[in-house]
Amino acid sequence: MTDLDQLRDHLLAAVEASGGLDALDTVRVGALGKQGTITGLLKTLGGMSPEQRLVEGPRIQGLREAVTAAIADKKAALDRADLDARLARETLDMTLPADGVGAGSVHPVSQVMDELAEIFADLGFAVATGPEIEDDWYNFTALNIPETHPARAMHDTFYFPEGEGERKMLLRTHTSPVQIRAMQAAGGNKPIRIIAPGRTYRSDSDATHTPMFHQVEGLVIDKGITLGHLKWTLETFLKAFFERDDIVLRLRPSYFPFTEPSAEVDVGFSLVNGKRVIGGSDGWMEVLGSGMVHRTVIEAGGYDPDEWQGFAFGCGIDRLAMLKYGMDDLRAFFDGDIRWLKHYGFAALDVPTLSGGVGA
Ligand code: DAH
């Protein structure tokens, strides 16, 4: 028996005798590792004469292959034995409750949008949408906003590069262009009741302003619409939204190009432990802009202003959320910090309606 045969017998016996994966690995390292016996033999090939190498090369390689194969077989056998042992040992209690899958939560902005849709649906309003990339006509001209209006300035509005002869495109600065689109879609001869929640953009950034924010637009077009309808609608909406009956409103004369007359709407707040809470009348807080739709705007939407009237309003959704749910930094809304969302987020379907508060 040559030395190689002896080594082979010895290694194969060691492999076979390995009682576990660790022991098997020790054998593997001893034979095939950097300092292993077979590795050492392979290194001697370099110093041999070509004739000798022709004889010894295949023998040493054969040994290496045999040992490698034996180790692989043994490893498979040990793995199988291990699995069998575990299957025999472990039991699975199928009656145990499953691990919970972490539930997501609804972002306060989405929550408020759902609340708005729900409350206004009860008043017969549909939800309308429009593009966030608008053209200058819908965003400004059709809304009677003159060329000289500061909102049109380059430093307030995000404009797209202008192509020759193309319409001037921009990120809409408010949801009001949806008024025009809704009127056009209705065809100039049907009453309209819509709200249009969505994203809006302005070149502005501090603790109370972010370049992207959310607004909701409201529009009613019908015959014989008056300021009284506007006031009642807003009052009914704000009572349902803030879930309080003691909501008082103040309409302050103001100016918007797209309404005449125009009013800024303040809502009364009370001071509770030094904090402002909507409801009561310790002071006033501005919550939205509104007015009777300007006849130029009614015309731009394809309606006859001698026959049809309407009211409109526009309101910051993020601010509504802050007032109702007590956050004080607007920027945190859009930071995407999961801890903030865990704290301020909502479970699905907690939405107030006209007939009741959250969960009713
Ligand atoms: N578009 C106005 C803004 O972004 C808000 C607004 C005011 C909308 C009065 C209206 C309205 O529909 O009637 O500041």
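All ligand and atom numbering here is 1-based and tracks the order in the structure. Below, each value reflects all heavy atoms present in this structure, side chains not excepted, and no hydrogens, waters or symmetry copies. All figures in this text were calculated on a predicted structure; none of them were measured in a lab.
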Determine whether the side chains of Glu217 and Ser176 contain a donor N or O and an acceptor N or O closer than 3.5 Å.
-> yes
For Tyr325, the option from Phe242, Phe346, Trp340 that meets ring-ring contact (aromatic ring centres under 6.0 Å, His included) = Phe346
Test item, Phe311 contacting ligand 1 (heavy atom, 4.0 angstrom) | no
Heavy-atom nearest neighbour in the protein, as seen from atom 12 (O) of ligand 1, with distance rounded to 0.1 Å = Glu217 OE2, 2.6 Å
For Gly291, the ligand 1 atoms whose distance to one of its heavy atoms is below 4.0 Å = 13 (O)
Protein residue, atom and distance nearest to atom 14 (O) of ligand 1, heavy-atom basis | Arg202 NH2, 3.8 Å
Looking only at N/O atoms, are Thr173 and ligand 1 under 3.5 Å apart anywhere?
-> no
Nearest protein heavy-atom contact for atom 2 (C) of ligand 1: which residue, which atom, what distance?
-> Phe258 CZ, 3.7 Å
Do Gln309 and Tyr303 have side-chain atoms, one donor and one acceptor, less than 3.5 Å apart?
-> no
Numbering as shown, the atoms of ligand 1 that approach Gln215 to under 4.0 Å (heavy-atom distance) = 3 (C), 4 (O)
Determine whether more than 12 heavy atoms belonging to other residues, nucleotides or ligands lie under 6.0 Å from atom CZ of Arg86.
-> no
State whether a side-chain donor-acceptor pair under 3.5 Å links Thr173 with Asp156.
-> no
Can you tell me the protein heavy atom closest to atom 5 (C) of ligand 1 and the distance?
-> Gly314 CA, 4.1 Å
Does a salt bridge link Asp266 with Arg252, judged by any charged N lying under 4.0 Å from a carboxylate O?
-> yes
Asp246 bridged to Arg244 by N-O distance under 4.0 Å | yes
With atoms numbered from 1 as shown, which atoms in ligand 1 lie under 4.0 angstrom from a non-hydrogen atom of His174?
-> 1 (N), 4 (O)
Proximal ligand 1 atoms for Ala312, defined as those under 4.0 Å from one of its heavy atoms | 12 (O), 13 (O)
Sub-4.0 Å atoms of ligand 1 with respect to non-hydrogen atoms of Phe256 = 7 (C), 9 (C)
May I ask you to list the atoms of ligand 1 that are less than 4.0 angstrom from any heavy atom of Gly289?
-> 7 (C), 9 (C), 11 (C)
Please check if any side-chain donor atom of Glu65 sits under 3.5 Å from a side-chain acceptor atom of Gln61, or the reverse.
-> no
is_close_aromatic(Phe256, His174), centroid dist under 6.0 Å | no
Considering the heavy atoms of Gln179, write down every atom of ligand 1 situated less than 4.0 Å from one of them.
-> 12 (O)
Sub-4.0 Å heavy-atom contact, Met292 with ligand 1 = no
Please confirm whether Arg202 makes a cation-pi placement over Phe158, using NZ or CZ under 6.0 Å from the six-membered ring centre and within 45° of the ring normal.
-> no
Numbered in order shown, the ligand 1 atoms found under 4.0 Å of a heavy atom of Ser176 are 1 (N), 8 (C)
